[in-house]
Each structure stands twice: as C-alpha cells, then as structure tokens.
Amino acid sequence: MTTTKQMIVDAFSKAFRKYFYNEMVIGKLAHSELKQSINKGDEVDITMPGMVSLFDYDGGDLPTAETATISTCKVKIDRGKAFHFELSEMEEKMLERTKGNPEKMVDLAKDYTADAIKQFAAAVDVAYANLYTRAGHYLDDNGSAITLTPQIAKDIFAYMQAKFQRGDGKGHTNWLDGSMVCIVPPEYQFYLGKLDELKHTETGKNEIRKGYIGHLCGWEILVSNNIAQPEDGVFYPLFGVKNKTLAGGISSNLNTTFYTPEKNFNTCYKGYGLYGVGAPRADMLGTVKISAPLSFSA
C-alpha cells in the first residue's frame, strides 16, 4: 500500500513534469525530451522533427518512396540540480487530505515546489542560451558588438528574417510562419519599446506565453534574463524555430526520497534532476552580438 509520504513524493514529481515546460523561455526553441533512468554523464538520443523532399512530377509513375529524413542529436547529460527541503506535519496533513483527488494533490504540491521548478527551468534556459554559434546566422560589427538604437534593433529582426527565408536553394526554407521565435534580454526590450509597433506592450500575457512582448517582422518576441552574456555589457539574443532549433534531454524522475531526521518530527525531502543540451540545427539558429546601454532622456 502506498504511504502518504510516497504519494507526496509522486505528487512533487508530477508537478515538475506538468509545469516545467511552462517556465522555460529560451527552451521554446528546443525539442526537449524527458528521459527515464538516466545518470550523470550518459548520452541520450533526441529525435528532431524530419524533412521530406519534393520532386518534379510529369504525370507518370511515382519514384520509389524515400525514407523521411529525421535527425538524431546525441546530448550528454552533464549537469544537475539538487533540492532538499522540510515539510511540517501540518503541511503534510494538508497534502494528505487531497489524496482522493490526485490532480488537486499535484496542484497543491506545486505550491511547495514552484520556486524549485522555476530555478531548474532557468538553469536549463541558461544552458540553451550559451549554445550561440557562428555556424548559424551570425551578425556583428566586424567582430565588435552592435550598439543598439531603436531603428537598429528593428533592422536586426528584418536582417534575420531575410537570412532564415533564404533557405538552402533546394526548396527547403528555415522560415516557418507562426513558428519563428526571438529571445532578447530586457536591455534589448528597452529599445524595442521605443518603436511605435511595440510601445507599452505587456509581458506574460498568459502562462503558455511566458515572456511574450509582441511580434516584429514575423518574429514572436520573448524576453529572458538568461540570454548569454560572456562579456560585460554584451549580449547574444537568439533567433530560431519553435521546438526545432535546439535539443535537450531532461530527467523525468526527480529521484526524490524522504526521511525523518533524528530528534525531529518533520519529514525532509531530497532529490535531484539531470539535464543536457545541444544545438543540432545550426542552420535554424541565429544570434547577434549586441551592446544595449540603458539611457533615459525625457
């Protein structure tokens, strides 16, 4: 028979799986898969969305069917986050009273784990952000950072739109209407906010669009504090295709256990989650080296 404490452990894990994706912003560019039974240092296969080719048709018989091309990215699970917290007897009793309603128990468990879920998602976002590469569509000022003005901030979006729309010359394009996402730091948002198209926009319209501030040149714009900043005052906003540009493997099991310390009536819970990230579709990734100094004039 499942004990109340074990049901609480299960509820914490279910809350993580249910709410984790909503907390990611940069992760919107990624195809992330939850993996079972993984250890730190393992390599996992992440299957990315496939492509097929078109051919000229002259009305005759069709050629032999091709095998749909899918790409598999190997991602090393090389990072982890651990947690360790205590619940009072009263808090446990509150959770126990919901055991007849599993969904309610998960939602209540989220109240206790929301901060941990946010921190874990932010850690994965940071890992994704630091995958920027010159192998994709890269823009800078002869090696230096581009200093933003409102107009330059807009021009960068138009430049990246043209680069993604160009494609490979064989019919494949890296531009998918309704799926193009750009993630910028708050400093970049400051300059975009001076444009007539994006003045006075509000972030976080709803949970599924966390960080959303608007659209520009066909790009859905999201804001994140986790954008790569390897140099002081220099940022690397990311451009890509929703769910297709990056790849991630994340442990589905939070490896949670419970115990009661000596001379203590409260139960402690501890566990850890593992993850790894990769950039398998550099042709669907764009970044720009920018400097966005904040200044205010009335």
Side-chain angles (χ1 to χ4, degrees), residues 19-32 49 114 117-133 136-139 146 148 150 152-161 163-165 174-229 234-248 250 275 277 279 281-282 284-292 294:
Y19 295 104
F20 172 74
Y21 284 113
N22 287 338
E23 291 299 331
M24 288 197 298
V25 177
I26 300 169
K28 297 290 190 294
L29 293 178
H31 180 71
S32 298
I117 293 171
K118 287 178 185 291
Q119 290 183 58
F120 195 98
V124 178
D125 262 358
V126 168
Y128 280 132
N130 283 289
L131 291 173
Y132 71 89
T133 168
H137 304 297
Y138 186 88
L139 181 63
I146 298 171
L148 289 191
I152 288 176
K154 181 178 179 180
D155 289 346
I156 288 170
F157 277 78
Y159 171 90
M160 283 296 179
Q161 182 185 47
K163 283 292 186 182
F164 275 78
Q165 286 178 334
N174 296 327
W175 185 272
L176 301 175
D177 286 332
S179 294
M180 308 309 295
V181 178
C182 173
I183 297 110
V184 302
E187 290 81 357
Y188 201 127
Q189 179 188 6
F190 173 78
Y191 285 89
L192 292 175
K194 294 176 178 290
L195 298 171
D196 288 339
E197 299 96 316
L198 292 170
K199 274 184 180 176
H200 311 302
T201 55
E202 299 293 336
T203 61
K205 297 287 185 182
N206 50 48
E207 189 176 34
I208 204 165
R209 300 178 76 183
K210 185 178 176 68
Y212 173 80
I213 64 165
H215 282 77
L216 188 63
C217 299
W219 296 95
E220 179 179 337
I221 310 170
L222 306 177
V223 176
S224 172
N225 283 320
N226 299 320
I227 283 295
Q229 188 182 2
V234 173
F235 305 92
Y236 288 83
L238 290 179
F239 295 77
V241 185
K242 191 181 298 181
N243 301 325
K244 292 188 177 182
T245 299
L246 307 172
I250 302 160
Y275 63 97
V277 298
R281 293 302 306 267
M284 290 186 175
L285 176 64
T287 191
V288 54
K289 186 178 182 180
I290 61 110
S291 171
L294 296 181

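Note that the structure is predicted; figures quoted are calculated from it, not measured. Basis for what follows: all heavy atoms, side chains included, without hydrogens, waters or symmetry-related copies. Sequential numbering from 1 along the given sequence is applied to the chain's residues.
Annotation: the span from Leu148 atom CG to Lys154 atom NZ amounts to 15.0 Å, rounded to 0.5 Å. We find the NE2-OG1 distance between His31 and Thr245 to be 12.5 Å, quoted to the nearest 0.5 Å. A distance of 8.0 Å separates CG in Leu285 from CG in Leu29, rounded to the nearest 0.5 Å. A distance of 9.0 Å separates NZ of Lys163 from CG of Leu139, quoted to the nearest 0.5 Å. The CZ atom of Phe157 sits 4.5 Å away from atom OH of Tyr188, with the distance rounded to the nearest 0.5 Å. Between atom CG of residue Leu238 and atom SG of residue Cys182 there is a gap of 8.0 Å, rounded to the nearest 0.5 Å.
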Open item on the list: Set out, in order, the CA-CA distance, both residues' side-chain angles and the distance that settles side chain to side chain contact (heavy atoms under 4.5 Å, CB included) for Val288 and Phe239, then state yes or no.
Closed with: CA-CA 9 Å; Val288 54; Phe239 295 77; 4.0 Å; yes
Task: Residues Val277, Leu246; criterion side chain to side chain contact (heavy atoms under 4.5 Å, CB included); working and verdict - done: CA-CA 8 Å; Val277 298; Leu246 307 172; over 6 Å; no
Open item on the list: One pair to check against side chain to side chain contact (heavy atoms under 4.5 Å, CB included): Phe235 and Tyr132. What are the steps and the verdict?
Closed with: CA-CA 11 Å; Phe235 305 92; Tyr132 71 89; over 6 Å; no
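Taking both residues in full, the closest heavy atoms of Leu131 and Ala127 are given as CG-O, 3.6 Å, listed atom of the first, atom of the second, then distance. Closest heavy-atom contact between Ala228 and Asn130: CB-OD1, 3.6 Å. Taking every heavy atom of both residues into account, Pro150 and Leu195 meet most closely at O-CD2, 3.5 Å. Residue Ser32 comes nearest to Met24 through the heavy atom pair OG-CE, 4.2 Å, listed as atom of the first residue, atom of the second, then distance. Scanning all heavy atoms of the two residues, the minimum distance from Ile26 to Asp125 falls at N-OD1, 3.1 Å. Shown here for Gln161 and Cys217, the closest heavy-atom pair between the two residues is NE2-O, 2.8 Å.
The side-chain hydrogen bond (donor to acceptor under 3.5 Å, both in side chains) search around Trp219 returns none, not counting sequence neighbours. Residues meeting the side-chain hydrogen bond (donor to acceptor under 3.5 Å, both in side chains) test with Gln229, sequence neighbours left out: none. Ser224 pairs by the side-chain hydrogen bond (donor to acceptor under 3.5 Å, both in side chains) definition with nothing, not counting sequence neighbours. Evaluation of the ring-ring contact (aromatic ring centres under 6.0 Å, His included) rule for His137 yields Phe164 as partners, not counting sequence neighbours. Qualifying side-chain hydrogen bond (donor to acceptor under 3.5 Å, both in side chains) partners for Asp155, counting only residues two or more places apart in sequence or in other chains: Gln151. Under the ring-ring contact (aromatic ring centres under 6.0 Å, His included) criterion, Phe20 pairs with Phe16, Phe120, sequence neighbours left out.
The pair Lys28-Glu220 fails the salt-bridge criterion, with no side-chain N (NZ, NE, NH1 or NH2) lying under 4.0 Å from an Asp/Glu carboxylate O.
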